[in-house]
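What follows is a short report on a single structure.
Residue numbers begin at 1 in each chain, while the letters A, B, ... track the order of the sequences. Every value quoted in this text rests on a predicted model; they were computed, and no experiment measured them.
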Amino acid sequence: MRDRYEPGEFEEKWRQRWRDADLFKTREEEGRPKLYALEFFPYPSGAGLSVGHCRNYVPTDVLARLKYMQGYNVLHPMGFDAFGLPAENEALKHKRHPGPMVQEYGENYRRQMDLVGIGYDWSRCFFSSDPSYYRWTQWIFKLLYRKGLAYHKLAEVNWCPKDKTALANEEVVGGLCERCGTPVERKAIPQWFFKITDYAQRLLDDLEDLDWPEGIKAMQRQWIGRSEGVQFRMEWTLLEGDRSVDQPRARESDPDLESLMAEVRAEGEPNADAESLRKADGFAQRLGAIAGDAISAEELHGAGKEIARLGEGLEIRRTAPPSFEVYTTRIDTLFGVTFCVVAPEHPMLKEVLPGVGPAIAASVREYQAAAGRLSDAARSDEGREKTGVFSGAYAIHPISGRTVPIWVADYVLMGYGTGAVMAVPGHDQRDFEFAQKFGLPIVPVIAPPGEGGLDLVAESHSAGKAYSSSDGVLVNSGVFSHRTVAQAQNDLADWFEANEIGSRKVVFRMRDWLISRQRFWGCPIPVVYDAEGGLELVPDDQLPVLLPDVPHYEPGEDASSPLASIPDFVNVTTQDGRLGRRETDTLGGFACSSWYFLRFCDPHNDEKPWSPERVAEWMPVDCYVGGAEHAVMHLLYARFWTKVLYDSGLVPVKEPFQRLMNQGQVLGYTPYRNATDKESLDVGETGVLVTPEEAANLPESEVTWRWVRMSKSKGNVVTPDEAIAEYGADALRLHELFVAPFDADVEWKNDGMQGSARFLSRVFRLVAEGWREEASDSPRADEEAWIEVAQRAYHRCLKKTTDDIERFAFNTAVAAQMTLLNTLSEQWANRGSLSTNGIERWREVLKGFVVMLAPMAPFSADELWEAMGEEGYTYHQEWPTVDERLAAATTVTIAVQVNGKLRDTIEMDAASDRAEIESAALVLPRILEHTQGKEIRRIIVVPGRLVNVVV
RNA sequence: GCCGGGGUGGCGGAAUGGUAGACGCGGCGGUCUCAAACACCGUUGGGCCAAAACCCGUGCGGGUUCGAGUCCCGCCCCCGGCACCA
């Protein structure tokens, strides 16, 4: 019998046997509990797997194997996220077609996963680029469309000039393409969107009950970005001066205006011809010149409208004074408003500008143009100083009637809220900075409660900080003064609603999900347009809309999909036989990965995307394992689709992934050299990446080694192939499990696997010796007690192993195996001589040990199992049950403390009661030493644990 | 700035408010060997010391408790995410 771990001698044999026996085929037997274990849908990269990837595959496999042995029906499938930009870019680089390429890469992944011994049911494998799969992706797209959740519109989108496609908001990080780091441009193209915003509240609320890492939930909450506030209307005017809402506004008349308007009226009916436009322009200029004088805002505005009507044939609808909407979450600071700010793109500016003086109008137009030229990245640059210009108009405070200037500044974003804010520099940092830069007044209206509260606010201001805390009471706020922030928020919201000037409003930061991509390698969108631009869905019986089989698929220069230049694909007839044109954009890869977990339940169904019974059987995923980098995108999209499918009665669950686990990253030791004078480094880079060979040839002072995430581009990858060739699959598996807690990052060192290999060798030896042992005629007298020590150690270990695997504490589960081995080895060394029965019972313990080891080190376990004379596979063994009587300790070490300091320990029967423990403790010499001559005040006894004598 | 997670020997890390440092790596001493490697045995938080005993010790400062790595308050530092979102 083998007495060392020699993986090269037996691993391949078991791989073969497992494959031949179809060992990991999903069991779907009635009456068993189920476990659906799943890892994130991988894109199979050409570089293959690294030991870093194994850090989620191995632990999930251990859990799946344990659950199977415990009698669960286990679904543990694997497939490949083959559509999308990474695959297409890789294929372009190698001048290959992405189809066969991903197929080949996927097969390599599969080979490697088998090498590591991951127990997948490969009969369920699919690629998201399989027509039999994407047919149903298209089917779900249609469902979304019919439910009004997919829409097509011209939109200014994030455009990556390198990848030549539009990107979702989630794919833009700090103004750069998340994938290639190219600055994103704005571009107006017709796009498909999914209306995920309709589900914002539910996506937020349902996070509550998910067993997910806090950090991921927090990131999703932040991305959804719910805020509660008040949106209200503010009137604006071109004239400065106080207005009381209670007084009718004074009407002044102006002779210049009267004569101007007489001329305008004389022009007669509205007309859009060039001559009228020219005249209207002239009138508008004259009106602007008058605006500086004392005329009423209403009149001025009315006149502006009249002139506009003349030029553009517009109807005059507005009779109320002009106004704009603002949104705030701090309505309690309303009395601290000293100006307003609108985004440069705000539509009200079109109405304001004709009424203001030419100098102001010009400066606003110039500012708008400058803002338009700025990239998003530049606009949101950190620490950028505030910029802005006065618009020429004034907002009228809804309560005080006072006018405050309206500024135009790009720190207000058109895409959020109303694109206009009431600025409260006293209590908002951004407004504070703006006010300081442009010399606008700062009025404190919130003060911490108590004497001198206002001084604290003043202190904060002189330190350059707005007082933004909501802990305080209102001051300088008319009748609302002295109320707390919370009260005032409520009262003011009530006031706005009662006066019908505004109302409470919930705003989400999340936008709709942009899903179309102007690229070839993706799921075609099943839509046809007719000549009039009308849109129809491709009928179900014509799905899938297949990607054409073409040799060239390079993206176009002009924001059009490569599919657009393939006439056979584009030109179709509509349902009623007219000429039609296919949609040529494809779906972004995230669409494909938003439902694959449902398809795994029923992967070969060609009538439906899945059978409801199969999905009801398996969903939700009980344990979903992957990296934290998908915190927002994939996990949010998949949740959204699941909810839509739930609402349509197609799946019985509201949430796809009940429990989510993020594995830690594996870091490789990576050399960087100092940059030369001529080289410039990107932000965050502190050196130039070099290969280890290059590093070896450089002077030591030139090279810095750092731990960075393993990736092919960094050249710091260790593949499972290499690791297994040297140490074997089980040593790799054990090391992955043992090296650190599951969610901690790991600095990878190959020789760490040596320890695991040593452990396995010792197991082999212990088993071999146990089977070699021969019975003695005169066995040791206390054989019963001797064997019980082993049995107790075994059951304690079994209990811990089972618990630890379930709670993803694999490192301590492995430690428990090592502890058991240590105990058994020691016991074995002291075996003396044993009877036949004694040896038999010893071997039973070893069999249990091997079965318990099987999920973590399956190759060795099966090899040992066979060597022990057993048939079949450890995978088919029942997971042993813990004998609680044996798992419980008989004797315990009781700590004896005096005043909380440990002074001695005593061995006692585990069943000893308080009185026994106490009396045993008090007579210990070392305790007496510390208690003599002192008064014993109290004695705390924790049975099975400790005694604390308080003197 | 906001949010999340952390800070324990030389290192990775264990520890339902109850003996801090399980388990492993590394180190040290030894056995085997001509020798090395492998393997095996012993030892390994710091101080003091021949040893025992004792003292110190879980980022820092307070607190609660018979007892705090663990709970509470106030800080510091590290990692990750978000960031002009009104």
Side-chain angles (χ1 to χ4, degrees), chain A residues 4 173-174 213-223 225-227 229 231 326-331 333 340-341 343 379-384 386 409-413 415-424 427-431 433-434 465 468 507-511 628-629 631-632 662 665 734-735 738-741 743-747 749 751-752 754-756 758-759 761-762 765 800 809 811-822 825 829 892-906 926 929 937-942 944-951:
Chain A
R4 275 172 44 195
V173 179
E214 262 326 298
I216 303 287
K217 288 200 204 182
M219 281 156 79
Q220 293 217 345
R221 286 195 192 101
Q222 174 160 272
W223 184 262
R226 183 184 197 273
S227 75
Q231 182 170 326
V326 298
Y327 173 75
T328 179
T329 56
R330 288 299 301 273
I331 196 63
T333 62
C340 286
V341 185
R379 189 163 160 172
S380 62
D381 213 12
E382 195 183 349
R384 180 169 161 253
K386 298 267 180 299
D410 65 7
Y411 82 88
V412 171
L413 310 171
Y416 183 80
T418 62
V421 302
M422 59 175 227
V424 185
H427 303 284
D428 180 283
Q429 188 59 29
R430 299 153 297 188
D431 299 341
E433 286 165 19
F434 194 80
K465 293 243 187 298
S468 51
V507 168
F508 293 96
R509 198 148 78 188
M510 183 169 68
R511 311 290 154 76
E629 68 277 6
V632 174
N662 295 129
Q665 296 178 27
L734 284 177
H735 184 61
F738 181 66
V739 66
D743 55 2
D745 289 352
V746 172
E747 296 172 354
K749 300 181 192 89
D751 48 14
Q754 187 60 50
S756 301
R758 193 176 302 146
F759 162 75
S761 271
R762 290 178 61 204
R765 202 177 72 212
K800 182 157 178 57
N811 57 332
T812 52
V814 175
Q817 310 303 300
M818 292 172 166
T819 307
L820 175 61
L821 175 71
N822 290 345
S825 297
V892 287
T893 312
I894 306 247
V896 185
Q897 304 178 329
V898 177
N899 283 352
K901 272 185 195 277
L902 181 74
R903 294 302 174 184
D904 205 351
T905 58
I906 30 171
R926 266 187 248 156
E929 243 172 70
R937 290 214 181 145
R938 202 172 149 189
I939 299 174
I940 289 117
V941 181
V942 183
R945 282 284 181 185
L946 61 65
V947 183
N948 188 10
V949 183
V950 187
V951 298

**Q.** CA sep, side-chain torsions, deciding dist, call: Val947(A), Gln897(A), side chain to side chain contact (heavy atoms under 4.5 Å, CB included)
**A.** CA-CA 6 Å; Val947(A) 183; Gln897(A) 304 178 329; over 6 Å; no
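- Computed from coordinates, the Leu413(A) CG to A86(B) C1' distance equals 9 Å when rounded to whole Å.
- Only the P atoms considered, U19(B) is 16 Å distant from C71(B), to the nearest whole Å.
- In the set C84(B), C55(B), A86(B), C84(B) carries the atom at the smallest distance from any side-chain atom of Lys386(A).
- Side chain of His735(A) to backbone of Gly752(A): a donor-acceptor contact under 3.5 angstrom is found.
- Between the CE atom of Met510(A) and the P atom of A83(B) there is a distance of 15 Å, given to the nearest Å.
- Atom-to-atom, CG of Asp428(A) to P of C2(B) comes out at 14 Å; the value is rounded to the nearest Å.
- Using a 4.0 Å heavy-atom distance criterion, Arg926(A) is classed as a sugar-phosphate-only contact.
- Nucleic acid contact class of Pro213(A) (heavy atoms, under 4.0 Å, all strands): none.
- Comparing the P positions of C55(B) and A68(B) gives an interatomic distance of 15 Å, to the nearest angstrom.
- G21(B) and A14(B) have their P atoms separated by 15 Å, with the value rounded to a whole Å.
- Ionic pairing of Arg384(A) and Asp410(A) is present here: one or more N-O contacts between side-chain nitrogen and carboxylate oxygen are shorter than 4.0 angstrom.
- Expressed to the nearest 0.5 Å, how far OG of Ser468(A) lies from NE2 of His427(A) amounts to 9.5 Å.
- If you find the closest nucleotide of RNA chain B to Glu929(A) and to Pro741(A), the one lying nearer the 5' end belongs to Pro741(A).
- Distances were taken from every side-chain heavy atom of Ile940(A) (C-beta onward) to each of G4(B), G18(B), C84(B); the shortest belongs to G18(B).
- Nucleotides G24(B) and G13(B), compared at atom C1', are 9 Å apart to the nearest Å.
- With a 6.0 Å cutoff to the six-membered ring centre and a 45° limit on the axis angle, Lys386(A) counts as a cation-pi contact of Tyr411(A).
- Taking atom C1' in both C56(B) and C49(B), one finds a spacing of 15 Å when rounded to whole Å.
- Here the CD-NZ distance, from Gln429(A) to Lys465(A), works out to 5.5 Å after rounding to the nearest 0.5 Å.
- G80(B) and C28(B): their C1' atoms are spaced 39 Å apart (whole Å).
- Using C1' as the reference atom, C78(B) and U8(B) are 15 Å apart when rounded to the nearest Å.
- Nucleotides G46(B) and U64(B) have their C1' atoms positioned 29 Å apart, rounded to a whole Å.
- Looking only at distances, no side-chain donor or acceptor of Asp428(A) sits under 3.5 Å from a matching main-chain atom of Ala423(A).
- Residue Asp904(A) contributes atom CG, which lies 13 Å from atom C1' of A52(B) at whole-angstrom precision.
- Heavy atoms of Arg765(A) sit under 4.0 angstrom from primed sugar atoms or phosphate atoms, though from no base atom.
- Using bins of under 30°, 30° to 60° and over 60° for the plane-to-plane angle, the ring pair Tyr327(A)/Tyr416(A) lands in the perpendicular bin.
- Counting non-hydrogen atoms under 4.0 angstrom, Glu214(A) reaches the backbone sugars and phosphates but no base.
- OP1 and OP2 of C84(B) both lie 4.0 Å or more from every side-chain N or O belonging to Arg384(A).
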Q. According to the Watson-Crick and G-U wobble definition with distances under 3.5 Å, which dot-bracket string, read 5' to 3', encodes RNA chain B, using [ ] for crossing pairs and | for pairs with another strand?
A. (((((((..(((.....[....)))((((((.......))))))(((......)))..(((((..]....))))))))))))....
Q | Sequence-aligned protein contact record of nucleotides 19-24 of chain B, with B where the base is within under 4.0 Å of a protein heavy atom and S where only the sugar-phosphate is | A | B--BBS
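- Atom CD in Gln754(A) sits roughly 8 Å away from atom P in C38(B) (whole-Å rounding).
- Distance, Asp751(A) CG to C25(B) P: 11 Å, rounded to whole Å.
- Among the candidates Thr333(A), Thr328(A), Thr329(A), the single residue satisfying the side chain to side chain contact (heavy atoms under 4.5 Å, CB included) test with Ile331(A) is Thr328(A).
- Side-chain atoms of Thr328(A) lie closest to A86(B) of the nucleotides A86(B), G13(B), A39(B).
- Candidate nucleotides C84(B), G81(B), G13(B) were compared by shortest atom distance to the side chain of Asp410(A), and C84(B) ranks first.
- As rounded to whole Å, 7 Å separates atom C1' of G12(B) from atom NZ of Lys749(A).
- Atom CZ in Arg221(A) sits about 17 Å away from atom C1' in G80(B), given to the nearest Å.
- In this structure a side-chain-to-backbone donor-acceptor pair under 3.5 Å is present from Gln220(A) to Ala631(A).
- Across all strands shown, Val412(A) has heavy atoms under 4.0 Å from base atoms, whether or not it also approaches the sugar-phosphate.
- Distances shown here put every side-chain N or O of Lys800(A) at or beyond 4.0 Å from the OP1 or OP2 atom of A14(B).
- Atom CZ of residue Arg937(A) and atom CG of residue Asn899(A) lie 9.0 Å apart, to the nearest 0.5 angstrom.
- For G7(B), the base adopts the anti conformation, since its glycosidic angle falls more than 90 degrees from zero.
- For the OP1/OP2 pair of A86(B) and a distance below 4.0 Å, the side-chain nitrogens and oxygens of Arg330(A) include no atom meeting the criterion.
- With no hydrogens or angles considered, a side-chain donor-acceptor pair links Arg762(A) and Asn822(A) at under 3.5 Å.
- The shortest distance between the side-chain N/O atoms of Tyr327(A) and the OP1/OP2 oxygens of A86(B) is not below 4.0 Å.
- In this structure, Val950(A) reaches the sugar-phosphate backbone alone: every heavy-atom distance under 4.0 Å involves primed, P, OP1 or OP2 atoms, never a base.
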